[in-house]
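This report concerns only the one structure given below.
Bear in mind the structure is a predicted one, so any value in this text is a computation, not a measurement.
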There are 2 protein chains.
Amino acid sequence: MTDIIEAYLKKVLKQKEQVEIRRSEIAELFDCVPSQINYVINTRFTIQKGYLVESKRGGGGYIRIIKVQVLDELDMLNTMIEIIGNNISERDAKSVVQKLYDDKIISKREAKLMIVAMDKSLYTGDRVTDNRVRANLLRSMLANLCYEEPNKRKAD
Amino acid sequence: MTDIIEAYLKKVLKQKEQVEIRRSEIAELFDCVPSQINYVINTRFTIQKGYLVESKRGGGGYIRIIKVQVLDELDMLNTMIEIIGNNISERDAKSVVQKLYDDKIISKREAKLMIVAMDKSLYTGDRVTDNRVRANLLRSMLANLCYEEPNKRKAD
DNA sequence: ATTTGTTTGACTATTTTTGACTAATAATAA
DNA sequence: TTATTATTAGTCAAAAATAGTCAAACAAAT
């Protein structure tokens, strides 16, 4: 169900920069509880994936999902570095890398290298430490990409 | 039983590049406990045998087995993975990466990504822990370079 | 007899679904 | 204007729906 609603919203976002919904209407449309919509948004339309969400309650209330716009590669990398901050979960880290791949800032091989490096199983086992180390790694790797010549793309 | 399930999955993989199952369904189909499926996957669909496995738990969960192509740098990478072992210093790790670059197994960008990830300053500060985590990271990244997915699947 | 591989199930981990309760805003009444 | 009510959306935790781990029991191979 989550996947279906996600796909629906993404389809709309393919055409437009943003989409505005009434939570109860979408819930009705897909025959689910309204809070399911919050779940979809919280797990699939995060800032790490490149979305901003605004909403308002009360009469005429809405939820608005906005695709984040960035100017260029450097801007994107810096934005991501900021988003990462000093701690990041495995899931969010992988979202960030996926986003960079989707936006063709890194190659598939680079994405895979980075994604495997985000895996929880490689670290110490202490969540707090791991999230900090993971953020350090990811930030460093992205910062490194900032100083490089533009990506020479191989067919992938 | 393991052989039967293995054969079944391989038959499907003869036709397609990947197969997605629901663990409980397959367990039911072959009248075995669900964890038997994990055993089959862990023993017969390893990365060394040319398969990649992804999965998700929870509602709509699945196990996906993907055929991958083994690259000819396999031997060299496996040797390096063995050499790395469970601990590696920053210096040794960096020379491993340098060698990969010299041997043209990785690109310059990939090399730089990996090199920055080996840096001591990113880890916990405890030498023993750091050398272990660094080895985990490097081994994972190298293992990842051994294989390549044939082609993409998602239409989105 | 010993070692290696397989089966089983109890326990754990993760993700999604659901619904009761809370919070915010707008509309309306006083 | 102020208070009240209606109309939204948000939060949180429990329940449900998956898959993963691990070790004991069992079986097969040497």
Tell me whether Lys67(A) forms a cation-pi arrangement with Phe45(A), defined as NZ or CZ under 6.0 Å from the six-membered ring centre and within 45 degrees of its axis.
no
Both Gly59(A) and Asp3(A) contact DNA chain C. Which one's nearest nucleotide lies toward the 5' end?
Asp3(A)
5'-most contact on DNA chain C: Asp31(A) or Cys32(B), nearest heavy atom basis?
Cys32(B)
Distance check needed: dT6(C) C1' versus Asn38(B) CG, whole Å only.
14 Å
Treating Glu110(B) as the side-chain partner and Ser107(B) as the backbone partner, does any N or O pair qualify as donor plus acceptor under 3.5 Å?
yes
Looking at the side chain of Arg91(A), which of dT15(C), dT18(C), dG10(D) is the nearest nucleotide?
dT15(C)
Rounded to whole Å, CD of Gln36(B) lies from P of dC22(D) at a distance of 18 Å
Please state how far atom CZ in Arg57(B) lies from atom P in dT17(C), giving the value in whole angstrom units.
17 Å
It should be established whether Thr2(B) places a side-chain nitrogen or oxygen under 4.0 Å from OP1 or OP2 of nucleotide dT7(C).
yes
Over how many whole Å does the gap from Met1(B) atom CE to dC26(D) atom P extend?
18 Å
Arg22(A) CZ - dG10(D) C1' separation (whole Å)
16 Å
When we call it a touch if two heavy atoms are under 4.0 Å apart, what does Gly61(B) touch: a base, just sugar-phosphate, or nothing?
sugar-phosphate
Does Arg22(A) qualify as a cation-pi partner of Tyr62(A), given the criterion of NZ or CZ under 6.0 Å from the six-membered ring centre and within 45 degrees of its axis?
no
In whole angstroms, how far is the P atom of dT14(C) from the CG atom of Asp119(A)?
11 Å
If only side-chain N and O atoms of Lys56(B) are considered, is one of them under 4.0 Å from the OP1 or OP2 phosphate oxygen of dT16(C)?
yes
Upstream residue (5' side of DNA chain D) when Ile63(A) and Ser24(B) are each assigned their closest nucleotide
Ile63(A)
Whole-Å distance between dA9(D) C1' and Ile37(A) CD1?
11 Å
Indicate yes or no for a side-chain donor-acceptor contact from Asp130(A) to the backbone of Gly125(A) under 3.5 Å, with no hydrogens or angles considered.
yes
Send over the distance from Glu54(A) CD to dT25(C) P, rounded to a whole Å.
13 Å
Is a side-chain donor or acceptor of Lys49(B) paired with a backbone partner of Thr43(B) at a separation under 3.5 angstrom?
yes
So, is Ser35(B) near the phosphate of dT21(D), with a side-chain N or O under 4.0 Å from OP1 or OP2?
no
Taking only N and O in the side chain of Tyr39(B), is any of them less than 4.0 Å away from OP1 or OP2 of dT7(C)?
no
Under 4.0 angstrom between Arg44(A) side-chain N/O and dT16(C) OP1 or OP2
yes
